Amino acid sequence: MRTNRTFTMIKPDGVANNHIGAILNDITTAGFKIVAMKYTQLSTDLAGKFYAVHAERPFYKDLVAFMSSGPIVAAILEKDNAVADFRTLIGATDPAKADVGTLRNKYAQSIDANTVHGSDSDENAEIEGAFYFTAFERF
Ligand code: CMP
């Protein structure tokens with residue numbers, strides 16, 4: 001398994017608020033290389049599958065509704081120590097707790113509309129990347 005890749009989404013709020021360009025610029029300025037990227041929208045069925053790990057959590061229904069509410073940008077990013085470094089770049093899940101200068105501090109409004117997703121492990125980066133991209137698209 002690759003240890004130098006992570007998976008990200010710019011969530012519906014980030015797209016709706018016209019932050020795609022600024023966020024991609026922050027990501028590449030921080031040293032991440034974009035190796036796959038897609039502008040798309042999840043159906044509720046696909047959002048439910050992507051977040052199946054959270055199916056028992058009280059926020060699952062709202063999460064699925066929000067993540068299927070508008071277009072998103074999905075991408076695979078490459079950098080040494082990608083998973084940990086990207087989670088540092090995006091900041092805490094709750095934007096109110098995110099360090100100044102992190103993506104969620106700069107662009108997000110709430111724990112639901114927290115603008116950017118980042119994989120939490122190399123295993124999940126692989127699974128999440130494969131959810132959106134074929135093997136040919138994520139060579
Ligand atoms: P993310 O880590 O990208 O994927 C799961 C999402 O669930 C998380 O971002 C939040 O946007 C959302 N969420 C809503 N409430 C909570 C909560 N209490 N704890 C963790 N995640 C939450």
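Keep in mind the model is a prediction, meaning the values are calculated, not measured. We count ligands from 1, going down the list as the structure has it; atoms in each ligand are counted the same way.
Every atom of ligand 1 with a heavy atom of H54 under 4.0 Å away is listed here by number and element: 5 (C). Heavy-atom proximity to R104, at under 4.0 Å, picks out these atoms of ligand 1: 3 (O).
Taking the six-membered ring where the residue is Trp, F50 and H117 present perpendicular rings, their angle passing 60° and hence far from 30°.
No close placement of the Y60 and Y51 rings is indicated, their centers lying 6.0 Å or farther apart.
The pair D122-R5 fails the salt-bridge criterion, with no side-chain N (NZ, NE, NH1 or NH2) lying under 4.0 Å from an Asp/Glu carboxylate O.
Between K106 and D26, the closest side-chain pair of non-hydrogen atoms falls below 4.5 Å.
Counting heavy atoms under 4.0 Å from ligand 1, residue D120 does not touch it at all. The parts of I111 lying near ligand 1 are both backbone and side chain, judged by heavy-atom distances below 4.0 Å. Neither the backbone nor the side chain of R87 comes within contact range of ligand 1; no heavy atom lies under 4.0 Å.
Nearest protein heavy-atom contact of atom 7 (O) of ligand 1 is F59 CE1, 3.4 Å. Residue, atom and distance of the protein heavy atom nearest to atom 6 (C) of ligand 1 are L63 CD1, 3.6 Å. Shortest contact from atom 9 (O) of ligand 1 to any protein heavy atom: K11 NZ, 3.0 Å. The protein atom (non-hydrogen) at minimum distance from atom 14 (C) of ligand 1 is D112 OD1, 3.3 Å.
In the model, D13 has no side-chain atom that pairs as donor or acceptor with a side-chain atom of N17 under 3.5 Å. A donor and an acceptor atom, one from each side chain of K11 and N114, are located under 3.5 Å apart.
On a distance-only criterion, N114 and ligand 1 share at least one N/O pair closer than 3.5 Å.
The closest heavy-atom contact to atom 8 (C) of ligand 1, among the options T8, T93, V53, V64, comes from T93.
For K38 and F133, the positive end sits near the middle of the six-membered ring, less than 6.0 Å away and at most 45° from its axis.
Nearest heavy atoms, D99 versus N105: O-CB, 3.1 Å.
Within the structure, ligand 1 has Y51 among the residues with a heavy atom less than 4.0 angstrom away.
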